[in-house]
Amino acid sequence: KTTIDGKGNEIKIRGAYTNGTVKLNSSLLSKPETAEGVILHEFLHGYLEKELENKEGDLYKTISRLRASSKDLLKEKGVSGEIDLESFEHALLTYAFSNNHEFLTHALTSKTTQLFLNNQKTKKSVWEQLTTAIFRFVQSLGKSLGIDIKKDSALVQAVDVVLRPLNSES
């Protein structure tokens, strides 16, 4: 399958999540490292779908705020020429910031998005805010399973260990 980007260019869709199924562009099968990233990205869509639909939830509110400020910063960097409006980076970030679902899944799976967010200044770093939102999501998930997740637990440290390398990559 293909789609048309904002400039009228045809681009191949790498994957999609629909009704509990991850669909993968067959051309990715020859690139296992890329296929793995796309599969993770698409499964995250499914995993986070209900939480991001809860407009009263902390995750939704935090992600909405971060996405809005990230869109504004991307626009500023495009206008100033710091990011080329015709570049792949700009196209990818524009798509990543198009809605809360893409914002969160790209923040967790796209190095380009992670680097952009990591360099964005706020009162609390975007990374700290994202980590807090993910922790709140894990707490919410735990409550739905009947588990009261403690901040000083091994579970929280395990999530932190998974997220830490994403923050340190440059």
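Apart from L92 itself, the hydrophobic cluster it occupies contains F88, where clustering links Ile, Leu, Val, Met, Phe, Trp and Tyr at side-chain heavy-atom distances under 4.5 Å.
Residue T112 holds its OG1 atom at 6.5 Å from CD of E89, rounded to the nearest 0.5 Å. Here NZ of K71 is found 13.0 Å from CG of L73. Values are rounded to the nearest 0.5 Å. The CG atom of L93 sits 11.0 Å away from atom OG of S98, with the distance rounded to the nearest 0.5 Å. For the atom pair OG of S64 and NZ of K55, the computed distance is 8.5 Å after rounding to the nearest 0.5 Å.
Shown here for L117 and A107, the closest heavy-atom pair between the two residues is CD1-CB, 3.7 Å. Nearest approach of N100 to L52, heavy atoms of both residues: O-CD1, 3.9 Å. Of all the heavy atoms in L74 and H90, the pair that sits closest is CD1-CD2, 3.8 Å. Across all non-hydrogen atoms, the minimal contact from L108 to L48 is CD1-CD1, 4.5 Å.
The closest side-chain heavy-atom distance from S87 to I83 is below 4.5 Å. A 4.5 Å side-chain heavy-atom check between Y60 and L104 finds every atom pair outside the cut-off. Counting only heavy atoms from C-beta outward, the side chains of E102 and H45 approach each other to under 4.5 Å.
With sequence neighbours left out, Y95 forms a ring pair (Phe, Tyr, Trp, His ring centres under 6.0 Å) with H106. Residues passing the side-chain contact (heavy atoms from CB on, under 4.5 Å) test with D72, sequence neighbours excluded: none. For F116, the ring pair (Phe, Tyr, Trp, His ring centres under 6.0 Å) partners at least two apart in sequence or on another chain are F97. Qualifying salt bridge (charged side-chain N to carboxylate O under 4.0 Å, His left out) partners for E56, counting only residues two or more places apart in sequence or in other chains: none. Residues satisfying the side-chain contact (heavy atoms from CB on, under 4.5 Å) test with E49, not counting sequence neighbours, are Y17, E53, H101.
Using a distance-only test at 3.5 Å, with no hydrogens or angles considered, a donor-acceptor pair links the side chain of S80 to the main chain of K77.
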